[in-house]
Engineer: 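Supplied in structure tokens, the structure appears directly below.
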Amino acid sequence: MRSYRDLFRTPEFTPFFLAASAQTVAQTMGGLALGTLVYRATESPLLSAVSMFGSSLVQVLGATLLLSAADRLPPRAALTALPLLFAAATAALALPGLPVWGLFAIVLAKGLAQSVGGGVRWGLLNEILSKDGYLLGRSVFNMMSGLMQIAGYATGGALVALLSPRLSLLAAAALYLVAAVVVRLGLTRRPPRTAGRPSVSATWRANALLWSSPPRRQVYLALWIPNGLVVGCESLYVSYAPDSAGTLFACAALGMLAGDVLVGRVLPPRLRPRLGFPLLLLLAVPYVPFLLHPALPLAAAAVTLASVGFGASLVQQERLVALTPEELSGHALGLHSAGMLTMQGVAAALAGSLAQLTSPAGAMTAMAVASAGVTLLLTVAGKRERLRAMEVR
């Protein structure tokens, strides 16, 4: 598969893509509205950050207990039921008078369901396109995610400013319903990729198998930690610039789009493996000067440049798919998604806590330095592993 045109000629890809687009807009609109709602009620950077990214915190529970369902559920049924559940949860967040603890209970329940959804979605994408088309397809999804995040944050920001966060949440719930309808009507019924019932023991066995390979372990750590720490920086946009958070989120999405185009379409295959770690450094370094409180235009430019580094995940996902047996593809990609989102939730809580003690700008710089440090450590560990492999040969 050589071109984007080939992707959209593939049966089922277009409705699959459109449903995911609607969900991405819904998620970004809902997240910005919820973060703004909580910040207005509490004036707490920590609670605002956790409300936007807190659903990611429970992804580790899903990865530990539920992830075997990613390959053992019929994909169309699962991908129809999940956005219906998200629509109900998002509408519930808009209820007037709902206490903050109630908001967080809904957010965490939603995150538990999302932990399975990532594995089902990306496993089905790998099934529709096969391994040789996965990277190109995932790059299109990442580009779509960037564009839809720009649209979602722009629309959500306008709705929050002109109307109210609650109306923005209701609009997001409606988009989840649209996604469910598109999946139900546009995808064909497929059997589960693996026989048997989902269970905790099956999840543990598959996790142990995937984690037992040193090359896969390094890929997972590179996928989870550096970008998770940078998402901690993003979780502070609302408290760093309360009136311009939508602009910063949109710039981050624009940079991510540019990075995905660069890696997925522009770079030749022979160069991609060499740029994984340099792109991870790019992801962190532009946030370091935030300690100096740059003006909004400079902050927006730094955010855009940094987010180009998210293209590193495409390089690492391509390697993960190559290292994983076909029958575990959904589980492996779900583990990547769950671990990444868990780290993002942890980083958001950590960044919010640092911001409470210092300032949003100071916390953003600290998270960026930590991300760059982890990337350098993983680079050294990867070189050592390759030297050991050469010695064994």
Side-chain angles (χ1 to χ4, degrees), residues 53 56 60 142 210-211 213-236 252 255-256 258-260 262-263 267 270-292 294 299 301-320 322-323 335-337 339-355 358 360-392:
F53 296 94
S56 303
V60 67
N142 285 1
L210 291 169
W211 195 250
S213 165
R216 278 198 297 264
R217 277 203 303 272
Q218 290 184 2
V219 172
Y220 276 127
L221 291 174
L223 282 165
W224 293 344
I225 301 178
N227 75 355
L229 292 169
V230 169
V231 170
C233 300
E234 295 182 354
S235 73
L236 297 175
M256 185 172 69
D260 290 328
L262 176 67
V263 174
L267 292 177
R270 69 180 185 278
L271 291 181
R272 282 199 298 259
R274 303 176 187 176
L275 293 179
F277 288 112
L279 284 170
L280 284 179
L281 283 177
L282 176 64
L283 187 59
V285 171
Y287 281 101
V288 174
F290 270 70
L291 186 62
L292 303 176
V303 164
T304 304
L305 177 62
S307 297
V308 173
F310 279 115
S313 69
L314 286 175
V315 178
Q316 293 144 1
Q317 286 176 61
E318 183 178 40
R319 179 161 171 74
L320 178 62
L323 293 170
L335 184 61
H336 146 56
S337 179
M340 177 186 68
L341 292 171
T342 296
M343 188 60 209
Q344 290 176 2
V346 170
L350 177 59
S353 300
L354 288 173
T358 56
M364 291 166 82
T365 295
M367 300 299 287
V369 169
S371 177
V374 170
T375 295
L376 292 174
L377 289 174
L378 288 172
T379 302
V380 172
K383 289 181 178 179
R384 288 177 178 174
E385 186 65 34
R386 285 192 293 273
L387 287 174
R388 289 195 197 99
M390 292 174 63
E391 290 174 358
V392 169

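Just so it is clear, the model here is predicted, and its values are computed rather than measured.
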Engineer: Backbone N or O of Ala252 within a donor-acceptor pair of the Ser307 side chain at under 3.5 Å?
Structural biologist: yes

Engineer: If you measure from CG on Asn227 to CE on Met256, what distance do you get to the nearest 0.5 Å?
Structural biologist: 10.5 Å

Engineer: Got a sec, which residues hit side chain to side chain donor-acceptor pair (under 3.5 Å) with Glu318, two or more places apart in sequence or on another chain?
Structural biologist: Arg272

Engineer: Calculate, to the nearest 0.5 Å, the distance between atoms OG and CG belonging to Ser313 and Leu320 respectively.
Structural biologist: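 Between atom OG of Ser313 and atom CG of Leu320 there are 11.5 Å.
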
Engineer: Taking side chain as C-beta onward, heavy atoms only, is Met343 less than 4.5 Å from Leu229?
Structural biologist: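 Of all side-chain heavy-atom pairs linking Leu229 with Met343, at least one is under 4.5 Å.
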
Engineer: Leu354 and Ala366: which non-hydrogen atoms are nearest, and at how many Å?
Structural biologist: CD1-CB, 4.2 Å

Engineer: Looking at every non-hydrogen atom in both residues, tell me the closest pair between Tyr287 and Thr365 and how far apart they are.
Structural biologist: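 That would be O-OG1, 3.7 Å.
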
Engineer: Of all heavy-atom pairs between Met340 and Leu223, which one has the smallest distance, and what is that distance?
Structural biologist: CG-O, 4.0 Å

Engineer: Working to the nearest 0.5 angstrom, can you tell me the gap between Leu314 CG and Leu275 CG?
Structural biologist: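 Here the rounded value is 12.0 Å.
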
Engineer: Give me the atom names and distance for the closest heavy-atom approach of Val308 to Ala258.
Structural biologist: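 The pair with the smallest heavy-atom distance is CG2-CB, 4.2 Å.
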
Engineer: So, taking the atom named CG in Leu280 and the one named CG in Leu378, what distance separates them when rounded to the nearest 0.5 Å?
Structural biologist: 8.0 Å

Engineer: Do any N or O atoms from the side chain of Arg216 and from the backbone of Trp211 form a donor-acceptor pair under 3.5 angstrom?
Structural biologist: no

Engineer: Can you name the closest pair of heavy atoms from Pro226 and Ser371 and give their distance?
Structural biologist: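 Where Pro226 meets Ser371 most closely, the heavy atoms are O-OG, 2.8 Å.
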
Engineer: Calculate, to the nearest 0.5 Å, the distance between atoms NE2 and CH2 belonging to His336 and Trp224 respectively.
Structural biologist: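 Between atom NE2 of His336 and atom CH2 of Trp224 there are 10.0 Å.
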
Engineer: Is there a side-chain contact between Leu305 and Val285 (heavy atoms, below 4.5 Å)?
Structural biologist: no

Engineer: What are the two closest non-hydrogen atoms of Pro289 and Pro294, and how far apart are they?
Structural biologist: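 For Pro289 versus Pro294, the nearest heavy atoms are O-CD, 3.7 Å.
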
Engineer: Check whether any side-chain heavy atom of Val263 lies under 4.5 Å from a side-chain heavy atom of Leu279, and answer yes or no.
Structural biologist: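 Val263 vs Leu279: side chains touch.
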
